[in-house]
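See structure below.
Predicted model only: the values in this text are computed from it and were never measured. Values below: all heavy atoms of this structure, side chains included; hydrogens, waters and symmetry mates excluded.
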Amino acid sequence: MRRAGRVVREVLELVRSKVKPGATTLDLEKAAATRLDELGVKAAFKGYHGYPCVLCTSVNSEVVHGIPSAKRTLKEGDIVSVDFGAVVDGYYGDSAITVPVGSIDPDAARLLAVTEKSLHAGIAAVKPGATLGDIGAAVQDIVEAEGFSVVRDFVGHGIGVHMHEDPQVPNFGERGRGMKLKVGMVIAIEPMVNAGRPDVEVLGDGWTAVAKDGSMSAHFEHTVAVTATGARVLTE
Ligand code: CO
């Protein structure tokens, strides 16, 4: 799974380097797809329930599952969430980042920083004997202390020989509740954070989830293994 995680990281960092005003989200998709071809690695999302691309690119109030498009040109001040998964020798890696386009306003920058910090708080809660509620509460505390909200309609997940395995890994919860983690389990922790209300709706394309109140939304994700001493991040 570490090998899949390394490919995911490489491709996400390549995409990050292509984010600039004037680029389209399809340009990002093409860069990722070209690199995957060179590596001979299979993308995890393309074909998953009919999803058409290797990346999800979700701009501003789009929360997750935005479809790359030649019509979506990034402009200064936007934020774009890029989610990517790969399969290597049957094992999956899954990670997401939200990237500023040029210079962004301070509230948007704070949303990105807080969402990434909440992912790291979730990862810090991972160890044998900790519960899924410990992870969710760690994420939720960071997000809500800043006046932002955790999206409830999408959650993290177990990952291994499928992209989505049990258990579900919510980004909210109560300490001490839920399944206990054991050494060798691997989960994807993926907080989705709205600047405003948590409610989302899916657009007519059947994929793009947007914040109902139109507020900006950020998403960071890592694939994380439970080890004897804590956590190992497989997608860094
Ligand atoms: Co995921």
Side-chain angles (χ1 to χ4, degrees), residues 8-9 11-21 23-29 31-32 43-46 48 51-69 71-86 93-102 104-105 107-120 122 139 142-143 146 148-157 163 171 188-196 198-203 205 207-223 235-236:
V8 170
R9 184 86 265 125
V11 170
L12 278 177
E13 295 310 321
L14 171 68
V15 171
R16 188 201 301 276
S17 76
K18 304 283 182 192
V19 170
K20 50 179 78 84
T24 69
T25 54
L26 189 66
D27 294 333
L28 306 182
E29 167 77 12
F45 303 171
K46 194 168 185 168
Y48 182 84
Y51 187 74
C53 291
V54 306
L55 299 180
C56 296
T57 52
S58 308
V59 181
N60 295 339
S61 62
E62 296 171 358
V63 178
V64 285
H65 304 164
I67 302 171
S69 165
K71 291 185 198 137
R72 194 67 190 251
T73 303
L74 299 172
K75 60 181 195 311
E76 183 106 20
D78 286 347
I79 60 173
V80 58
S81 299
V82 182
D83 193 349
F84 174 66
D94 188 6
S95 181
I97 53 177
T98 302
V99 184
V101 183
I104 61 174
D105 77 45
D107 280 337
R110 190 166 62 93
L111 178 68
L112 267 50
V114 169
T115 306
E116 188 166 22
K117 185 177 164 196
S118 76
L119 169 58
H120 286 111
V139 171
I142 299 284
V143 169
E146 292 283 338
F148 297 142
S149 53
V150 167
V151 169
R152 304 296 202 276
D153 294 12
F154 299 96
V155 295
H157 48 94
M163 178 164 65
N171 300 296
I189 305 176
E190 52 178 316
M192 288 142 273
V193 175
N194 291 353
D199 313 75
V200 304
E201 64 190 345
V202 175
L203 298 184
D205 63 14
W207 283 103
T208 314
V210 300
K212 255 189 186 163
D213 65 4
S215 65
M216 282 211 174
S217 186
H219 180 207
F220 284 84
E221 175 176 22
H222 270 307
T223 298
T235 43
E236 67 185 5

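- A salt bridge links Arg72 with Glu62; the closest basic N to acidic carboxylate O contact falls under 4.0 Å.
- Taking SG of Cys56 as the start and CH2 of Trp207 as the end, the distance is 7.5 Å to the nearest 0.5 Å.
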Fill in: Residue pair Glu29, Thr57: steps toward the side chain to side chain contact (heavy atoms under 4.5 Å, CB included) verdict
CA-CA 8 Å; Glu29 167 77 12; Thr57 52; over 6 Å; no

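- In terms of heavy atoms, Gly66 sits closest to Tyr51 at O-OH, 3.1 Å.
- Here the straight-line distance linking atom NE2 of His219 with atom CE of Met192 works out to 4.5 Å at 0.5 Å rounding.
- The shortest side-chain heavy-atom distance between Leu111 and Glu146 does not fall under the 4.5 Å cut-off.
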Practice prompt. Kindly determine whether Arg152 and Asn171 satisfy side chain to side chain contact (heavy atoms under 4.5 Å, CB included), including the steps that lead there.
Written response: CA-CA 8 Å; Arg152 304 296 202 276; Asn171 300 296; over 6 Å; no

Worksheet item: Could you walk me through whether Glu221 and Ile189 pass the side chain to side chain contact (heavy atoms under 4.5 Å, CB included) check?
Response: CA-CA 6 Å; Glu221 175 176 22; Ile189 305 176; over 6 Å; no

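- With sequence neighbours excluded, the residues that form a salt bridge (charged side-chain N to carboxylate O under 4.0 Å, His left out) with Asp78 are Lys75.
- Minimum interatomic distance between Ala31 and Leu14 (heavy atoms only, all atoms of both residues): O-CD2, 3.6 Å.
- In this structure, the side chains of Ser61 and Ser217 stay at 4.5 Å or more apart for every pair of heavy atoms.
- Counting only N and O atoms by type, the side chains of Ser81 and Thr98 include a donor and acceptor under 3.5 Å apart.
- When each of Ile104, Val19, Leu28, Ile79 is tested with Val99 by the rule side chain to side chain contact (heavy atoms under 4.5 Å, CB included), just one qualifies, namely Val19.
- Between His65 and Asp83, the side chains place no donor N or O within less than 3.5 Å of an acceptor N or O (distance only, hydrogens not considered).
- Of the inter-residue distances, the one linking Asn194 atom CG with Asp199 atom CG reads 8.5 Å to the nearest 0.5 angstrom.
- Remark: Phe45 pairs with no residue by the ring-ring contact (aromatic ring centres under 6.0 Å, His included) rule, at least two apart or across chains.
- Looking only at side-chain heavy atoms (C-beta outward), Thr24 and Lys71 stay at 4.5 Å or farther from each other.
- Closest non-hydrogen pair, Pro52 versus Ile67, comes out as CG-CG2, 3.8 Å.
- Side-chain contact between His157 and Glu190: present, with at least one pair of heavy atoms (C-beta onward) separated by less than 4.5 Å.
- Interatomic distance, CZ of Phe84 versus SG of Cys53, reported as 12.0 Å (0.5 Å rounding).
- Distance check, rounded to the nearest 0.5 Å: CG of Leu112 to CZ of Phe220 gives 4.5 Å.
- No side-chain heavy atom of Asp27 sits less than 4.5 Å from a side-chain heavy atom of Lys18.
- Side chain of Thr25 to backbone of Ser69: a donor-acceptor contact under 3.5 angstrom is found.
- Counting heavy atoms from C-beta on, the side chains of Val15 and Glu13 never come closer than 4.5 Å.
- Scanning for side-chain contact (heavy atoms from CB on, under 4.5 Å) contacts around Ser95 gives Val8, Arg9, Leu12, His222, Thr235, with sequence neighbours left out.
- Atom CD of Glu236 is separated from atom OG1 of Thr223 by 11.0 Å, given to the nearest 0.5 angstrom.
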